[in-house]
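Worksheet: one structure, shown below.
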Protein chains: 2
Amino acid sequence: MLHEEVVGRIRAILLDGEIPPGARIPERELCERLEISRTPLREALKVLAAEGLVQLLPHRGSRAAKLTDKDMRDLFEVCQGLEALAGELACERISDAEIDTIAAAHADMVQHYRERDLIQYYRGNRAIHEAIVNAAGNPVLAGLYASVTARIRRARYVTPMTPQRWALAVKEHEAILNALQRRDGVGLAHILRAHLRHKREEVLQAGFAETEGNDVTLSIA
Amino acid sequence: MLHEEVVGRIRAILLDGEIPPGARIPERELCERLEISRTPLREALKVLAAEGLVQLLPHRGSRAAKLTDKDMRDLFEVCQGLEALAGELACERISDAEIDTIAAAHADMVQHYRERDLIQYYRGNRAIHEAIVNAAGNPVLAGLYASVTARIRRARYVTPMTPQRWALAVKEHEAILNALQRRDGVGLAHILRAHLRHKREEVLQAGFAETEGNDVTLSIA
DNA sequence: TTTTGCATTTTTGAATGCAAAATTTGCGAT
DNA sequence: ATCGCAAATTTTGCATTCAAAAATGCAAAA
């Protein structure tokens, strides 16, 4: 059993929400479940604490990180700041093939939007942003982005998604793709940063969103 | 002996360059030196690996992270992207008192520039950027910034600092302070992002810079 | 009935021990 | 003398063990 595997498995448990935010992480229990001893488990918890997914309290054990509204706003700000940076860098380095891939993903996402399939739309959205971040060709940036988005996803935070906002998000994505295709880094950064400012006040907690019915929500637009 | 203390002490050892980049980190030796057993040491190394300061090789121990030129470029890019984001956010939130503090630090830095005291100039520079990051009021951002700047500092990378570049850097700092005082977030972001683009190709390795004589260097302008 | 003090239990943090893997060392053959 | 291979040593990774701190439960007193 490798470290990375242990870290990955615990991360998955946290991201799945199996251990809810703020809940204690019982070492012994997890040890039995993963069939490892406490030593590698504790090493993994330290790593996850450094990532911000776990909170360590001296002599009081570890808890799944509980994020306040403020924490979430901070994470969203940084997330979108990183996306803006990635977009600008990507414009300088992205290959035609990568643009084509993103364009295809975008078309796919728009199709899901037309079908009002939020889950699939969400997946496409995420895929596009990850593709842009990868196209930036900066592993440091990609690493920070992965860490920040993991924390956001884990919290199951969502932004309220009215039909108007959804339509706007699609339009903004159009503009993003356009700027990418024109390799207009400054313009793209502008779009993404404006997007950031627009969304600044919209982030709020909606708890564990059940994406059923008409209460449409989306976590990263 | 708390974990944090162990992590901090090893981090200091790495930042001091006492263990040079790429060198092996002998567990036993460090254990004796810090007077702890291998368990907490290994936990600390895992944390530092997550921070990017240490590189873990399965069954082959840990090494002080060796950064390539590419790694450094990536780190600088992200560092400046974070500074730009911090500047924009700071404009919305910074207090008059904080601006005054930064203005004072700026004046201080300019004075060191006039005296051509690079070391002190460098300190002031760093203080200003850290103040801006703090003024952004975003601990997530501050944490990522600290991690990235730590990695950069540890590598002892520097950018070549000609008299012209130094003068330009001072001018840019004037502009930054100005935008801050006007609380012009968009303008500030523009300045900082332009700064980023200007510096894009300038980053190069100068090894462990001895800041003596006229070979003026500076790591973060 | 509620609260406070103490003893027990549980859990965390760290040290040690043990097995596996890698590195080094030594010996023999070419 | 050098190369190759195998044994010995070192080092890593994990499990177990031990000590200390915190949580829990119980009883006694207000």
Side-chain angles (χ1 to χ4, degrees), chain A residues 1-67 143 151 154, chain B residues 1-67 143 151 154:
Chain A
M1 176 82 74
L2 258 27
H3 299 321
E4 297 174 26
E5 194 184 332
V6 175
V7 171
R9 288 184 66 178
I10 300 175
R11 203 196 332 255
I13 289 173
L14 293 171
L15 289 168
D16 286 348
E18 204 171 321
I19 297 177
R24 284 192 40 147
I25 298 174
E27 287 188 4
R28 195 159 302 279
E29 203 175 296
L30 258 187
C31 285
E32 289 168 10
R33 175 166 165 187
L34 300 181
E35 293 175 318
I36 56 175
S37 81
R38 283 178 56 223
T39 307
L41 178 80
R42 288 170 52 78
E43 288 176 351
L45 288 176
K46 294 271 187 305
V47 171
L48 292 168
E51 287 180 22
L53 285 172
V54 167
Q55 197 174 3
L56 298 177
L57 302 114
H59 294 287
R60 288 181 165 189
S62 48
R63 309 183 86 89
K66 170 95 175 178
L67 301 179
R151 280 191 262 178
R154 187 196 152 286
Chain B
M1 175 85 72
L2 258 27
H3 291 325
E4 297 174 27
E5 193 185 331
V6 176
V7 171
R9 289 183 64 178
I10 299 175
R11 205 198 328 257
I13 289 173
L14 291 172
L15 261 58
D16 286 347
E18 204 170 321
I19 297 178
R24 285 192 43 152
I25 298 173
E27 287 187 5
R28 186 169 306 279
E29 205 174 296
L30 259 186
C31 285
E32 289 168 10
R33 174 166 167 186
L34 300 182
E35 292 176 321
I36 57 176
S37 78
R38 284 179 52 220
T39 305
L41 177 80
R42 287 171 53 77
E43 288 176 351
L45 288 176
K46 294 272 189 305
V47 171
L48 292 168
E51 287 180 22
L53 285 173
V54 166
Q55 197 175 5
L56 298 177
L57 301 108
H59 294 285
R60 295 173 112 205
S62 49
R63 310 183 85 88
K66 171 95 177 179
L67 301 179
R151 280 191 263 176
R154 186 195 153 286

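A note on names: the letters A, B, ... follow the listed sequences, proteins ahead of strands, and every chain is numbered from 1.
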Side chain of A:R42 (C-beta onward), nearest among D:dT12, C:dG13, C:dA15: C:dG13
Short side-chain N/O contact from B:R24 to OP1 or OP2 of D:dT12, under 4.0 Å: yes
Protein-nucleotide distance (B:R38, atom CZ; D:dG13, atom P), rounded to Å: 8 Å
Closest non-hydrogen atom pair, A:V6 against A:P40: CG1-O, 4.2 Å
Distance, rounded to the nearest Å, where A:E27 contributes CD and D:dC14 contributes C1': 15 Å
Residue pair B:V54, B:L56: steps toward the side-chain contact (heavy atoms from CB on, under 4.5 Å) verdict: CA-CA 7 Å; B:V54 166; B:L56 298 177; 4.1 Å; yes
Options D:dC14, C:dG13, D:dG13, nucleotide nearest the side-chain atoms of A:E43: D:dC14
Rounded distance (Å) that lies between atom P of C:dT12 and atom CD of A:Q55: 15 Å
Under-4.0 Å side-chain N/O to phosphate OP1/OP2 contact, A:T39 with D:dC14: no
Approximate separation, where rounding is to 0.5 Å, of A:R38 CZ and A:E27 CD: 4.5 Å
Heavy-atom donor-acceptor pair, B:R154 side chain to B:A65 backbone, under 3.5 Å: yes
Under-4.0 Å side-chain N/O to phosphate OP1/OP2 contact, A:R60 with C:dT11: no
Whole-Å gap separating P (C:dT12) and CD (B:E4): 17 Å
Pair B:I25-B:R63, side-chain contact (heavy atoms from CB on, under 4.5 Å): steps then yes or no: CA-CA 5 Å; B:I25 298 173; B:R63 310 183 85 88; 5.6 Å; no
Options C:dG13, D:dT12, C:dA15, nucleotide nearest the side-chain atoms of B:S37: C:dA15
Whole-Å gap separating P (D:dT11) and CG (B:L57): 16 Å
A:E51 bridged to A:R11 by N-O distance under 4.0 Å: yes
Nearest-angstrom distance from the residue atom CD1 of B:I25 to P of D:dT11: 15 Å
A:H59 side chain, from C-beta outward: closest of D:dA21, C:dT23, D:dA15: D:dA21
Distance in angstrom units between B:L45 CG and D:dT11 P, rounded: 15 Å
Secondary-structure string, 5' to 3', Watson-Crick or G-U under 3.5 Å, | for another-strand partners, for DNA chain D: ||||||||||||||||||||||||||||||
Whole-Å gap separating P (D:dA15) and CG (A:L41): 10 Å
Heavy-atom pair of closest approach, residues A:R24 and A:I19: O-CG2, 4.2 Å
